Amino acid sequence: MPITILQHSLAPPPKLRDADSDSDSEGGADLEGDIAMGRPAKRARTQDSSIMTPGEIITDDPQWMRGHGTYVIPGASSNTILSSVAGTLAKTNKLLSVRPLRARYMPEIGDLVVGRIVEVQAKRWRVDVGGTLLAQLPLSAINLPGGIQRRRTETDELQIRTFFSEGELLVAEVQQLYNDGAAVLHTRSLKYGKLRNGVFMSVTGTGGGGGVVRARRQAFTLDISGTDEVSGSEKIDVLLGVNGYIWISKHIEGEGAAAETSGPGITRIEESVGLNVYSSQNDIIPVDTMREIARVRGVITALVENGLRVDEEMVIKGYAEAVEMAKEEQDSADTLWLGGERGKRLANALVGR
Amino acid sequence: MTTTTTSGPEALLSHLHSADGSATFSYAGYTIVGAVNGPIEAQRRDEIPEEAVVDVVVRPAAGVGGTRERHLEGLLQSTLRQIILVTNFPRSLIQITLQVTVAPENEYVNTKVVQANTNLPILPALIQTAVLTLMSAAIPLTATLASVVIAATTEDGSNREIINPTAREIEKSRSLHVFAFTSHGDLILTQSEGEFTMQEWEDMLASAQRQCCPSTSGDVNMGDDAASGADLGTFTRSVMEAKIASDLYWK
Amino acid sequence: MPREAEPSQNEKDFILKAVREGHRLDGRALDQFRQLDLKFGEQYGVADVTLGKTRILAKVTAEVTVPYTDRPFDGIFTITTELSPMASPAFEVNRPTETEVLLSRLLEKTVRRSNALDTESLCLVAGQKCWSIRVDLHVLSHDGNLIDASCLAVVAALRHFRKPDTGMEGDTLTVYTPAEREPVPLSWLHSPFCITFSFFGSISVGEDGEEKDIWLLDTTLLEEQLRVSSCTISMNKHGEICQVAKPGGAPVEAVTVVQCSSLALQKVKDLSDFVDQKLAEDSKHRNKGGLLAELSADNAR
Amino acid sequence: MATQADKVYVLPGDEINPALIPSHPKHPLRLGPGLRHVPPSDLFPTTAGQLVTDRRKNLIWVESNGGRYIPAVGDLVIGTIHHGAADFFYVTLSDYTSNATLPQLAFEMASKKNRPQLHSGDLVYARTHGPRAGVRVAKHRKGRGPGPLSEGMLYSISLGMARRLLMRKSAEEGKVVVLDELGAAGLAFETAVGRNGKMWVNSKDIKTVLVVGRAVTETDEKSLTVEQQKKLVRRLVKEMA
Amino acid sequence: MPLDTSTYNLALLRVDGRRWNELRQQKGQLGVQPSADGSAYLEMGNTKIQCIITGPNERDTKSTSSASTAPTSGGLGATVAVSIMIAPFATVDRKRRGRNDKRLQEMQTTIASGLAATVQGQSYGPRSTIHISLNVLSQDGSLLACLINAASLALVDAGVPMTDYLVACTAGSTSSYAAADEEADPLLDLNTQEEQELPFLTLATLGATDKVVAMLTRLEGMMATAADGCKGVRDFLDGVVRDKGELMVQEGAIGRGEVVSSMDLD
């Protein structure tokens with residue numbers, strides 16, 4: 001993560017409502033007055049904004065049900081629903097929930113996540129997916145080299161590090177959740193497994209706010225043959241982990257995202273899961289592919305820095321835009337740099353400002 | 001549960017509620033509160049696979065413990081290990097805390113928080129407290145202990161040995177000795193300082209033995225012994241018996 | 001490290017239920033203290049406080065040292081509280097626990113910051129020599145409410161203490177040994193005491209569903225493990241508050257805190273009288289020789 | 001019960017008067033707590049207490065009070081569930097000691113299919129067997145037999161008191177009558193006593209639980225005689241009403 | 001040099017020209033540290049705090065040895081771990097503070113247990129920890145109050161569910177017991193000079209309600225004023241959060257939320 005020092009923008013002058021309110025009252029006088037006022041003061045909220053903040057009363061109508069990001073005062077007879085996070089209100093039928101502006105990743109079943117192995121245990125790996133708890137990947141939930149189907153033996157447990165070892169990256173799917181929110185992953189598909197030939201980046205503040213949002217497709221292939229720098233046709237795989245971890249890598253036919261399109265039939269697994277799926281060796285990557293990978297990375301950084309959401313559409317558009325920008329100004333030296341001003345320009349171009 | 005058999009020693013047993021065993025023992029100007037917790041779970045880093053860890057903490061009445069306390073802890077720890085059946089409780093911890101509450105004050109000098117004086121005089125009191133506390137906690141022991149301080153002084157040419165000397169006498173003394181014996185009459189700890197001859201030491205050893213375990217050394221009555229302090233062996237026994245009797249009043 | 005054992009769910013549920021109905025395990029009223037006892041040692045400045053099964057011993061010592069350079073006219077006054085494994089195996093030697101830090105900070109604020117002891121009177125030669133008064137607090141048995149008991153012990157010990165008398169002839173300072181001159185008491189300004197309220201959530205009283213916080217005084221260790229928050233108020237018998245501390249925990253109505261402070265005053269008055277009486281007894285007992293006739297006056301203060 | 005009239009008190013390491021050691025023709029000599037056999041044939045007390053012998057059963061042991069509970073095979077104990085694992089519960093028998101294990105299948109009518117649902121903090125009444133504590137189904141005279149204990153209150157009592165309460169004839173031998181007296185006074189309650197110095201009391205009425213708890217703990221701490229116990233019970237019952 | 005507060009009642013103005021019930025100039029900003037899970041920067045007068053939040057996560061719980069921790073929702077929720085760093089240049093005299101400064105530890109404990117009461121940690125589970133590290137960049141009175149406020153702000157930024165903002169404020173009193181002049185006004189939001197001279201209290205309230213969560217004080221009686229101050233602070237913090245939110249909505253980073261008003265209840 002590049003260190004960026006942000007200017008402290010001047011905050012609006014403090015609103016000193018209280019000061020004005022009792023500038024005329026005596027110090028001793030308002031002692032009883034204020035102390036006496038008891039439980040949740042039904043203070044009039046500024047309803048003009050659609051932003052909810054903690055402690056704000058959403059409604060006290062009994063017909064609504066409380067969802068995520070809300071709470072009711074325990075023990076109180078009134079069924080007032082209050083917000084517990086800062087965010088925007090969402091209504092599904094009678095369910096009220098508040099989508100936080102920013103939040104740490106909360107796994108859901110079926111999420112495609114990019115993770116890093118932090119601990120190797122006897123029968124399982126513990127994977128950092130940027131959640132509140134470490135996810136776990138059971139030894140039984142991975143493909144064996146060659147795609148053979150058999151139950152895991154002692155020998156597999158002994159050589160567990162030959163599949164994944166500490167610090168290695170992988171892409172997986174959330175298979176189930178424990179009630180404390182911890183996720184269990186699996187990589188029993190061609191499109192999942194160990195990651196190589198690329199670059200990792202982390203985009204914080206997923207959940208409600210910017211960063212990666214759950215979309216139809218989290219993994220896609222980017223055609224970079226459009227840029228004249230690249231000789232011949234080249235492709236880049238982009239994996240947008242729902243958890244805000246992103247992997248951008250050189251595209252290899254029959255592997256990664258490509259396999260996704262052709263679907264993971266059990267039959268196909270046998271022949272196509274080669275023995276090299278668990279190798280940690282990078283292939284040779286042509287330098288201009290590397291440059292384009294870096295460009296994509298720059299695009300995503302720019303999106304995040306300008307608080308835009310990161311999904312397939314934005315990345316593809318952004319990438320094209322970036323290529324254009326690079327074309328305009330001929331110096332190909334720092335055209336990769338998409339921070340600061342250039343980043344803003346890119347972002348503005350995207351949202352059409 | 002207090003008993004005062006002789007003028008000197010006093011003891012109070014199992015009076016602290018939070019500890020497994022406790023005792024307050026006052027003798028020769030010292031008052032020491034002892035507490036035992038154990039056998040409890042030992043910390044992973046200092047547990048012994050086959051035996052119990054014996055941990056002794058000595059805390060001064062004023063100020064924080066320094067090298068002096070560490071030294072005493074060392075002595076006590078190695079002594080007590082010998083009588084505690086450590087093999088009964090593998091991988092566990094027996095924690096002995098000894099809090100000095102009153103130390104004799106010399107009327108003629110102003111007290112300093114850091115006392116640079118000798119370690120020895122307090123040893124018997126500490127040992128006695130530790131043993132009483134261990135028994136109050138029903139920790140299995142192979143024997144009990146009894147100990148004594150003896151000072152050798154030279155007054156107008158003639159050598160005298162003073163049993164359980166006062167702070168004043170210690171100042172004047174030429175050499176100072178501590179002996180501790182098990183209830184079987186074996187010497188288990190001896191510490192000496194000052195200048196003395198081997199002969200003197202042996203004499204003092206003999207009188208110490210007479211003092212601590214009369215049962216083993218022939219003559220039971222020590223009327224002849226001028227500076228005879230209390231017989232701690234007998235004292236311990238009487239204290240414990242009183243304690244047991246009151247505990248098992250229902251028997 | 002050995003951790004403080006958690007009370008079982010049954011105990012938690014039962015005690016909360018009982019407290020809500022106004023009962024306590026030992027049959028005390030909610031605002032009732034346990035049996036309080038205070039003994040003084042043969043030596044000056046040793047106070048032994050027993051509060052139920054909680055037992056605390058405070059010892060005061062004095063020695064002549066050099067004052068701090070930034071406050072040349074003040075003596076040095078320190079309170080050290082080191083909880084030993086004697087109180088509970090959870091306390092390790094020279095590894096301060098949270099309990100210990102809070103305790104020493106509270107005593108610091110209650111006794112030292114409120115100038116209960118006049119530190120300027122400890123100065124012997126400005127910038128060169130002064131008395132260093134040191135209180136060592138020993139927790140012998142821990143069954144809850146350490147703070148109130150400790151504060152009482154410290155105050156009692158300090159008021160009982162006598163420091164060696166000193167004299168200046170010309171510019172030579174002499175510190176008389178107890179044998180030469182009878183020691184003199186410290187110049188003591190006022191006696192602050194701590195009262196700790198432990199809160200156990202709130203119950204709705206009356207039909208209007210008005211919520212009322214329930215709190216206990218002088219909690220046992222078990223009760224302390226179950227309380228949701230606590231508030232310690234320190235004041236002297238004149239009602240001058242030295243400090244109020246509510247170190248986090250569940251929220252309570254501001255009104256309750258105000259009410260507590262007024263109730264604390266009564267309790268403080270009781271404690272204050274108790275200590276005065278004990279000191280008086282002790283001085284009478286010492287006074288038999290008639291030596292300390294002139295000192296007894298100080299105890300009455 | 002001591003067979004000889006005068007009571008014999010022993011300290012660790014004392015020699016035991018051979019006359020006191022029971023010598024039964026058939027049974028082998030059985031050593032109770034507080035004694036240690038040093039080959040070939042020496043016998044030493046390890047704790048301070050009263051030497052008690054039972055010539056019929058050829059038993060000899062040292063009766064003492066206090067100290068920390070040291071698990072022995074066959075003791076009935078009350079433990080707190082610390083946490084659960086795959087097929088074990090980890091149970092705390094006394095503070096600061098390492099947990100005992102309790103197999104989930106050791107419960108009454110427990111099977112692979114329906115395991116007992118216990119959570120950390122729950123109480124369980126168990127019988128120790130071997131170096132690890134486990135539950136065995138066994139009816140117990142007072143109150144209920146082994147199994148989970150729900151609701152109620154847990155009191156800490158001295159080991160001696162626990163032992164007396166668990167005696168077969170606690171009134172005669174143990175000289176503790178509070179519980180019987182309270183029962184006679186018309187209080188309805190349920191108790192379970194653990195050898196590890198724990199007593200569990202339950203009743204519909206909170207007040208009853210409190211009274212029972214106070215009665216027993218006071219008897220324990222103030223070491224009351226039978227008469228005093230009766231007086232205490234009368235007082236408490238009056239206060240309650 | 002000692003501060004003379006005798007003029008306060010006459011001039012009705014304080015050293016820094018405020019009235020008795022005026023807060024100091026406040027500045028606040030969310031998300032000042034992109035790589036953190038939540039972060040905030042808060043100024044109250046010349047007291048400047050930066051707060052960084054990591055987690056809730058399960059990693060390196062051991063590394064929080066110096067921090068004070070408190071479990072949320074009765075041990076069933078995530079743990080809150082607070083550690084305070086006072087920069088050596090924060091005060092006029094450059095002094096280094098030791099790790100085990102009891103004053104700091106006390107503040108840490110207070111903040112931790114205070115926040116634990118308002119954070120709804122049960123959704124995270126007991127194994128996760130929320131690391132709150134507070135950096136004091138500049139120190140000019142009301143330190144504890146500012147720390148609490150900064151922490152609340154950062155928690156909101158991190159999207160940690162809370163019952164409400166935990167906000168704190170100080171209040172002092174110029175009325176000395178000797179003078180017994182009850183007329184004297186209490187003072188709101190003290191700076192260092194006033195703090196050193198006057199008895200004061202720090203009051204933390206749970207946002208809109210008047211519930212007292214944490215306070216460390218010398219003299220009681222200014223609570224009302226402090227409670228008032230807390231409201232002022234709360235409104236300010238709320239404003240900061242809302243502005244940030246609106247901005248994000250404009251940028252389209254997040255979809256516009258619906259509004260529940262009495263109208264659309266059919």
Side-chain angles (χ1 to χ4, degrees), chain C residues 1-30 32 34-35 37 50-55 83-93 95 97 99 141-144 200 203 214 216 219-226, chain D residues 68 78-83 90-99 117-125 148-156 189-190 192 194 196 198-218 221-222 232 235-240:
Chain C
M1 68 168 278
R3 301 183 125 267
E4 201 62 59
E6 267 282 299
S8 69
Q9 195 57 44
N10 306 49
E11 290 164 273
K12 289 181 189 162
D13 300 346
F14 183 84
I15 289 181
L16 287 182
K17 198 147 119 252
V19 167
R20 285 174 191 286
E21 295 185 16
H23 303 298
R24 289 173 83 164
L25 280 189
D26 42 17
R28 279 185 289 156
L30 295 190
Q32 188 183 356
R34 285 169 288 181
Q35 179 60 39
D37 189 20
T50 316
L51 183 61
K53 291 179 182 174
T54 298
R55 181 148 176 239
L83 301 179
S84 72
M86 182 177 279
S88 142
F91 300 129
E92 284 181 87
V93 184
R95 183 182 296 174
T97 55
T99 335
S141 171
H142 175 16
D143 188 26
F200 285 79
I203 45 172
I214 39 177
L216 298 182
T219 44
T220 63
L221 186 56
L222 183 55
E223 287 166 336
E224 259 171 35
Q225 286 171 319
L226 301 182
Chain D
R68 173 173 291 264
I78 299 179
T80 315
I81 302 283
H82 184 270
H83 65 282
Y90 289 85
V91 184
T92 314
L93 294 184
S94 61
D95 302 352
Y96 312 114
T97 50
S98 37
N99 295 327
Q117 285 307 315
L118 290 178
H119 309 93
S120 70
D122 291 357
L123 290 179
V124 63
Y125 197 28
L149 302 172
S150 53
E151 296 177 322
M153 177 64 193
L154 188 71
Y155 290 91
S156 300
F189 60 91
E190 190 179 16
N196 55 337
K198 303 264 182 238
M199 182 181 71
W200 172 83
V201 184
N202 191 16
S203 164
K204 303 254 171 311
D205 173 16
I206 286 190
K207 288 220 193 79
T208 316
V209 179
L210 288 166
V211 165
V212 174
R214 277 178 65 194
V216 175
T217 39
E218 257 184 60
E221 279 160 16
K222 305 204 177 106
L232 171 70
R235 202 187 83 233
L236 288 173
V237 172
K238 200 181 291 106
E239 279 177 14
M240 191 178 145

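Please read all numbers here as calculations on a predicted model, not as lab measurements.
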Notebook entry, point to check: When only pairs under 4.5 Å are counted, which of D:E218, D:E239, D:E221, D:H82 shares the most heavy-atom pairs with chain C?
Noted result: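 Highest number of heavy-atom pairs under 4.5 Å: D:E221.
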Checklist line | Of C:R28, C:H23, C:R24, the residue whose pairing with C:D26 passes side-chain hydrogen bond (donor to acceptor under 3.5 Å, both in side chains) | finding: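 Per the side-chain hydrogen bond (donor to acceptor under 3.5 Å, both in side chains) rule, the option paired with C:D26 is C:R28, out of C:R28, C:H23, C:R24.
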Margin query: Ignoring hydrogens, what is the shortest heavy-atom contact between C:D143 and C:R34? Give both atom names and the distance.
Written below: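 C:D143 and C:R34 have their closest heavy atoms at O-NH1, 2.8 Å.
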Check: Where does D:T80 contact chain C at under 4.5 Å (heavy atoms): side chain, backbone, both or neither?
Finding: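 Only the side chain of D:T80 comes within 4.5 Å of chain C.
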[X] vs [Y] side-chain heavy atoms within contact, under 4.5 Å:
X      : Y      : value
D:T92  : D:N99  : yes
D:R68  : D:T97  : yes
D:P148 : D:D122 : no

Notebook entry, point to check: Under 6.0 Å from the CD atom of C:Q35, do we count more than 12 heavy atoms belonging to anything else shown?
Noted result: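 Atom CD in C:Q35 is not packed in, count stays at 12 or less.
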Next item on the list: Check whether any side-chain N or O of C:S141 sits under 3.5 Å from a backbone N or O of C:K53 as a donor-acceptor pair, and report yes or no.
Entry: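 Flag set: sc C:S141 to bb C:K53 pair under 3.5 Å.
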Next item on the list: Select all residues of residues 208-216 of chain D having any heavy atom within less than 4.5 Å of some heavy atom of chain C, and report them by number, or 'none'.
Entry: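 The residues closer than 4.5 Å to chain C, in numerical order, are D:V209, D:L210, D:R214.
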